[in-house]
Amino acid sequence: MNERFQQTVDAEIKIEPKDWMPEKYRKTLIRQIAQHAHSEVVGMLPEGNWITRAPNLRRKAILLAKVQDEAGHGLYLYSAAETLGIDRDSLINDLLAGKSKYSSIFNYPTQTWADIGAIGWLVDGAAIVNQVSLQRTSYGPYSRAMIRICKEESFHQRQGYEIMITLAKGSPAQKALAQDALNRWWWPSLMMFGPHDAESSHSSQNMAWKIKRHSNDEMRQKFVDMTVPQTEYLGLTLPDPLLNWNEERGHYDFGPMNWEEFNKVVAGYGPCNVERLAARNAAHDKGDWVREAATAYAEKKAKRLKTEAA
Amino acid sequence: MSKNTWPLWEVFIRSKQGLSHKHVGSLHAADATMAIENARDVYTRRMEGVSIWVVPSEAITASSPDEKELLYDPANDKVYRHPTFYEIPPEVGHM
């Protein structure tokens, strides 16, 4: 069975929910897709923070639309995870109990409006590199969710970059805001791609199963290469004195990442980990009456229809 | 159904230019009305659809991918069902 499964994967044929799959393939995908879904939903929080304080109505409406999209993306991904035989309630509970991880980037605070620009440009930009790669992931429902998400994601990055342009080409105070946001979001965005290939424990099996299509370092390099010219257009400086075009490699060289900080944040000790989980729990608890009311109403209606039909 | 485990619904959307409903995904909802409203919110943010169908997932019966060969085998060798199988003399013109 394993052989036939690997042959199917190698032939670039999608694995679908009812196909036989190795138990480890199933478990790995549940973990990865769930983490991806949680990231979308928790990701609504840092940006949601600025909806009431957007500088004008247009920016507010756009930011609302972006945050709405993230909720939708979370839902596509939860649905994809459920096709692997896990229920929604368990997924949500694992997040709320702190048992499940989400992308480390969302444990950083949004301190100014410029952060919203930096997030759209850099964080969504990095996510796009990863998600474009995942469009060709071997598991059908995950692949289709990625295709749908990629279509919606590009407005997110443009929205952020537009904010950066406005600030960077604005007053000196605005430009300083933009530079400050870039300084704080650059390295965490690079670390979104995960540890170096050599230190990535899951990677080789995930590549063999074509869950993962490109390596962490490959995608990180791609992101750096495309972002440098974008930064130059803004007239801003990337906070990396070692950033340098390497003619021989045909890529930008860049400095080392602070893996100590990354591991701290992943382990739960980032600036906002506690706050994010508290916010999710509060939202879940405060929404309990809605779930209860909707369920009671649906059951009452179903009962009434049954007695009317009888 | 409990307040934390709502039934699953499959969503089908027909777009403005479309001729048929296409499956776009699934969602949980307490009842059909909520399912339609949620489907609108999740799957038509970019005016993708003019008509939404929601169907309880348990109402759908699907063929098994493993039985693909057995299920479709009788059809596979009836190539005479295709128009290109037949040779019409050119003098006759288009048929």
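Chain A is the first sequence line, chain B the second, and so forth, proteins listed ahead of strands; every chain is numbered from 1.
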>> Sort by residue number and list every residue of residues 31-38 of chain B having at least one heavy atom under 4.5 Å from chain A.
In response: B:D31, B:T33, B:M34

> Is atom CD of A:E3 surrounded by more than 12 heavy atoms (other residues, nucleotides or ligands) closer than 6.0 Å?
Replying inline: no

> Is the count of non-hydrogen atoms from other residues, nucleotides or ligands lying under 6.0 Å from B:I60 atom CD1 greater than 12?
Replying inline: yes

> Between B:R46 and A:D69, is a salt bridge (Lys or Arg N to Asp or Glu O under 4.0 Å) present by the stated rule, with each step listed?
Replying inline: CA-CA 10 Å; B:R46 284 163 175 76; A:D69 265 1; 2.6 Å; yes

> Is it the side chain or the backbone of A:K151 that comes within 4.5 Å of chain B heavy atoms, both, or neither?
Replying inline: neither

>> Determine whether a donor-acceptor pair (N or O, by modelled atom type, separation under 3.5 Å) exists between the side chain of A:Y76 and the backbone of B:V42.
In response: yes

> Is any residue of residues 289-297 of chain A within less than 4.5 Å of chain B by heavy atoms, and which ones?
Replying inline: A:R291, A:E292, A:A294, A:T295, A:Y297

> Which value, rounded to the nearest 0.5 Å, describes the distance between A:L75 atom CG and B:L27 atom CG?
Replying inline: 8.0 Å

> Would one find more than 12 heavy atoms of other residues, nucleotides or ligands at under 6.0 Å from atom CD of B:E58?
Replying inline: no

> So which residues of residues 48-55 of chain A are in contact with chain B at a heavy-atom cut-off of under 4.5 Å?
Replying inline: none

> Out of curiosity, B:T5 OG1 to A:R88 CZ, how far, rounded to the nearest 0.5 Å?
Replying inline: 12.0 Å

>> With a strict 4.5 Å heavy-atom criterion, list every residue of residues 127-144 of chain A that contacts chain B, or say none.
In response: none

>> Please classify the contact between A:Q68 and chain B as side chain, backbone, both or neither, with a heavy-atom cut-off of under 4.5 Å.
In response: both

> Considering all heavy atoms of both residues, which atom of A:S79 and which atom of B:S26 are nearest to each other, and what is their separation?
Replying inline: OG-O, 3.2 Å

> Which atoms form the tightest heavy-atom contact between A:E152 and B:R45, and what is the distance?
Replying inline: OE1-NH2, 2.9 Å

>> Could you check whether atom NZ of B:K3 has more than 12 heavy atoms from other residues, nucleotides or ligands sitting under 6.0 Å from it?
In response: yes

> Using non-hydrogen atoms only, which part of A:N93 is less than 4.5 Å away from chain B: side chain, backbone, both, or neither?
Replying inline: neither

